[in-house]
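Per chain, numbering begins at 1; letters A, B, ... match sequence-line order.
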Amino acid sequence: MSSDNAAGGTTAPAIPSTHPLVSGTVGPGCAKVDPIVVADGVSRTFGGLTAVDVAHLEIPRGKITALIGPNGAGKTTMFNLLTGFDKPNTGTWNFNGRSLAGVPAFKVARAGMVRTFQLTKSLGRLTVLQNMLLGATKQPGENIFTALVRPLWKSREAEITIKADELLARFKLDAKREDYAASLSGGQRKLLEMARALMSDPELIMLDEPMAGVNPALTQSLLGHIKNLKSDGTSVLFVEHDMHMVTHISDWVIVMAEGKVVAEGPPETVMKDPAVIDAYLGAHHDTDLGDLTGGPDLVEDARAAAEEVHEHKHHEEDKS
Amino acid sequence: MHAARTTGLVPRPVALVLATLFAALALLGIGTSAASASTDPSEEPAGPVLSIGGILRDGDEPVEGVDIDVEGGGFSETATSDENGRWSVEVPEKGDYTVTLDTDTLPDGIELRDPDRTSADVSADEWQTSSISRLFPLGEDTRQTSGFFDLFMQRLVSGLNFGLLVALAAIGITLIFGTTGLNNFAHGELVTFGGILAWVFAVLLGLNIFIAIPIVVILGAAFGYVQDTVLWRPLRKKGVKLVQAMIVSIGLALLLRYFYLFNVGGDTKTMNVGLSDAVVLGPVRITTGSILSMVLSVVVLVAVALFLTRTRIGKATRAVSDNAALAAASGIDVDRIIRIVWVIAGGLAALAGVMLALYRQVSWDMGFQVLLLMFAAVTLGGLGSAYGALVGSIVVGLFVELSTLVIPADLKYAAALIVLIFVLLLRPQGILGRRERIG
Amino acid sequence: MDWGNILGNAVGELISPTTAAYALAAIGLGVHFGYTGLLNFGQAAFMLIGAYGFAIPTIEFGAPLPVAILCALIASVLFALFLGIPTLRLRADYLAIVTIAAAEVVRYIVTTTGLTEVTGAANGLSGFKGTFAASNPLPEGTYGFGPFTYNSYDWWVRIVGWGLVILASVLVFLLMRSPWGRIVKGIREDEDAVRSLGKNVFSYKMQALVMGGVMGSIAGIIFILPRAVQPANYTTGLTFFIWTIMLLGGAATIFGPIIGAMIFWVVLSLTQGVLYGAIESGFLGFLSTTQAGQIRFMLVGLALMLLVIFRPQGIFGNKKELSFSV
């Protein structure tokens, strides 16, 4: 992945019309070589307001895809629709070829498509470890009858505890293992939520603004974790406001505005797309894209963070 | 003149004297409360005493002072129905008996629905429980001859009347819910407060009802203000969670309800304030009290609507209901708005209490009896919407009264609550509510 | 004032079947609210259904004891499904309103004069104790010591009642330490999060509702064994007493509901004894004994308010784990 010189770049190279991820021409709603999610005609209205109206959308497998767009673009609503947390007015979509339209949220998660939330939903009065264990699948003790007989679920519990401890160590939450999740900081909760989602080994992890409200120090490690996910073979789709964050780690960027997909492409070129500039800036053509949402300091932090990602990653690998 | 249904059945002056005497005793703390008010769940039953009994009702109103003879196997005893219309005779054995109602003791204007059915038999093989009931359906002279349409119209007007008075109280519930998120289970006690005060002023102290009403409403508003200042505002400051606050309101409801019972006793009190003259409008017989109640309800509801839509404070109230944080950010004093909402809710509930007193009777748990109907109304209309509460209340009121055309009258509240459950099943956002946005 | 008698009565409440019934109902409510976060305001209805579900088959059809109990349990499961299906997908406060409404509906139904033949209407039911009394293995006679002296039947009711309370506590303990318990506690905290992890939240809420409801129904059976079935006992007041008991001991604790029920009844008995004693001996001559009873209920209301405001985690609860989430 090349991320150098993408954000705030002054030169405007011509947008290439083909890309290795794409089977045809690059453009809004283009078909991917190996899509993991394919959505058609998804729309959702609230009263008279159309929140989402997406004609066609494909998410590439095994890549990090960013879903960006200004406030009110319908990103989170799209997330909610795809994961079964909201019901669309129209539309169909499938995950790995399996139709998920009208499938309840918990079955979507079981199918291998796990999400996190913009406002963290750590379970405050459960310990960090209990939070993690909740994420694991195939637990015999989740049946009310087998739950009564400990020997029936003891071995699986031990397995998932080991797995949870590994993930907690990786996310640097191992010291907090026995603390109530309510005592964690906002950034730690984001990490916990992501770690918890990974307990089920999802094929596609959907992160709703993973960086929102996280302090710069933690942003680094979050970005690192997201990149690690890809190297583990997990597909990632994440929602973000700040384009600078996006350019450093994503392989593919989808831009939504007013409920529609207005552009998509690799991060280096999609930022130059006039449709994106229109969507984001309106009249403020001269403004640096990062300023709109992050402010200069945050943008600097994010850049620094992205650059340090590799180092950080190595550092972590050394430790384990 | 018929003895109208709301006046009770003892001749008026006697009732007035009795009620005054009784209440005076109760207020002084020397009176004994009626045993029927005891709800102590640990209370042991009287033992295996065999009895034959029943309840005499004319429509909703219990019929008091009617003699019923129970005879059989050489045993004979006469019971007289009490203020709740209940009568009961203890019998020595599980044998055959004949139960006869003495029609001469029926109050004027009330007759058996089937004039030939003055007696009923109890046979020995019926004794599977220790008590057996026998009913004597009663009906007014006019109702015997009235057809389905007349009955329907009568019920329609009653339902509208009841719905409007439920709306008065329900709007308070919905405004409090909208501005603070609290499901106030002590709202019924605000209504009872109004009913009891109306009885104290208009019956005990003999004030003219038109003077009593404004006094009661002002006191009710003051009660709302005091509740907010002493209890709810400190709790909001303390950051007490919503479910916690809801349970506090349940505790407060218990405390107030038994405080009322402690002071006024467990019997029902009739509002003899000269508003029980019946007016006949086509097929509908209606008391002047009901007409007054309906007119006043409509006027007040229109005033509340104008207040909410036209005045600054009303608009601010709706803004706080919509989004308290945003309202606060735009310079609205949210605490002041909530205080005003409590004052309005208290006043409206007290007024509803007066209406309910005129519509039925006064008792220590009169508000609690309609609390669930108010919640049903608010939920039907969509939680937090004032217009929804109005529509929901009228639906509930009509349903309660009209359902008696097809089901027994003692199930009419049950019918309204079942409707609530089904509406939630089909349309969880209520009749007027909008689907909530997730995420 | 006869202090010996007052104290004796109060101590007797510690193991009375009524205390056992309230404790069991509170354990069920703890499963609903304390662990799963369900706002059930209709626990009285589950007790009512247990009582009538047991008494009616016994009286009408002469059903043997196990059959009558089974009828009560099936009825309560059906009732839980009836409540849960429309409301468990909705916001939490809808369940509160629907449960309290449904509880009143069933009470109106058993009280209606139209069903006098079956339910005894306002008079209730009696004459259903035969099958339970026949199951009593204890010898005839009166035995025990001090305030705990009862006849054979009374002992049998106490043994069965408290045996069931212990059984329910063990069941709750086993469940709540298991992954099942982890899920319902997660639902209490944030059901969307649990849903996003692939758990069928609706199903778990329903399981919890049914389980707590069945416990309420068994409590309803224990409750009527020393008395008759009286529909007036099953008002919303009963539900609120059970809430008070649950919150008193601590909503998500194993022993909380038991200790809560004991404290509740001992204190009620003591206040009654002291007030009645004071009235008899002329201290409070201006009060009637009925009014003294009413004072007790005012105290319950006041206690509920103070408890929830100042000690929401109850006597045994852990402050961190057991404050209110919503």
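Note that CG of B:Leu371 is 9.5 Å distant from CD of C:Glu104, once rounded to the nearest 0.5 Å. Put simply, OG1 on C:Thr112 and NZ on B:Lys412 are 12.5 Å apart, with the number rounded to the nearest 0.5 Å. Interatomic distance, CD1 of B:Ile247 versus CG of C:Leu304, reported as 7.0 Å (0.5 Å rounding). Taking CD1 of B:Ile250 as the start and CE of C:Met305 as the end, the distance is 11.5 Å to the nearest 0.5 Å. The structure places CG of B:Leu417 at 7.0 Å from OH of C:Tyr108, a figure rounded to the nearest 0.5 Å.
Neither the backbone nor the side chain of B:Ile407 comes within less than 4.5 Å of any heavy atom of chain C. With a threshold of 4.5 angstrom between heavy atoms, C:Ala96 approaches chain B through side-chain atoms but not through N, CA, C or O.
B:Phe185 meets the ring-ring contact (aromatic ring centres under 6.0 Å, His included) test with B:Phe375, C:Phe41; sequence neighbours excluded. Residues satisfying the ring-ring contact (aromatic ring centres under 6.0 Å, His included) test with C:Phe264, not counting sequence neighbours, are C:Phe241.
Counting non-hydrogen atoms of other residues, nucleotides and ligands closer than 6.0 Å to CD of B:Gln369 gives a total above 12. Environment of CZ in C:Phe202: crowded, with over 12 heavy atoms of neighbouring residues, nucleotides or ligands closer than 6.0 Å.
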*Give the intermediate values and the outcome of side-chain contact (heavy atoms from CB on, under 4.5 Å) for residues C:Phe33 and B:Val243.*
CA-CA 11 Å; C:Phe33 177 73; B:Val243 170; 3.8 Å; yes

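Per-residue counts of heavy-atom pairs under 4.5 Å with chain B were compared for C:Ile309, C:Val98, C:Ile85, C:Leu302; the largest is that of C:Ile309. Ranked by non-hydrogen atom pairs under 4.5 Å with chain C, the options B:Leu254, B:Leu255, B:Leu231, B:Leu135 are led by B:Leu255. Interface summary for chain B: among C:Leu306, C:Leu307, C:Thr244, C:Asn123, the most heavy-atom pairs under 4.5 angstrom belong to C:Asn123. Among B:Leu235, B:Leu420, B:Ile55, the residue making the largest number of heavy-atom pairs under 4.5 Å with chain C is B:Leu235.
Taking all atoms of both residues into account, the shortest heavy-atom contact from B:Ile421 to C:Ala102 is CD1-CB, 4.1 Å. Scanning both residues, B:Phe262 and C:Gln291, for their nearest heavy atoms gives O-NE2, 2.9 Å. B:Leu372 and C:Ala101 make their closest contact through CD1-CA, 4.3 Å (heavy atoms, listed as atom of the first residue, atom of the second, distance). B:Ala414 and C:Val105 get closest at one heavy-atom pair: O-CG2, 3.6 Å.
Side-chain N or O atoms of B:Asp410 include one that pairs as donor or acceptor with a backbone N or O of C:Thr113 at under 3.5 Å. The closest donor-acceptor contact from the side chain of C:Gln294 to the backbone of B:Tyr258 lies at 3.5 Å or more, if one exists at all.
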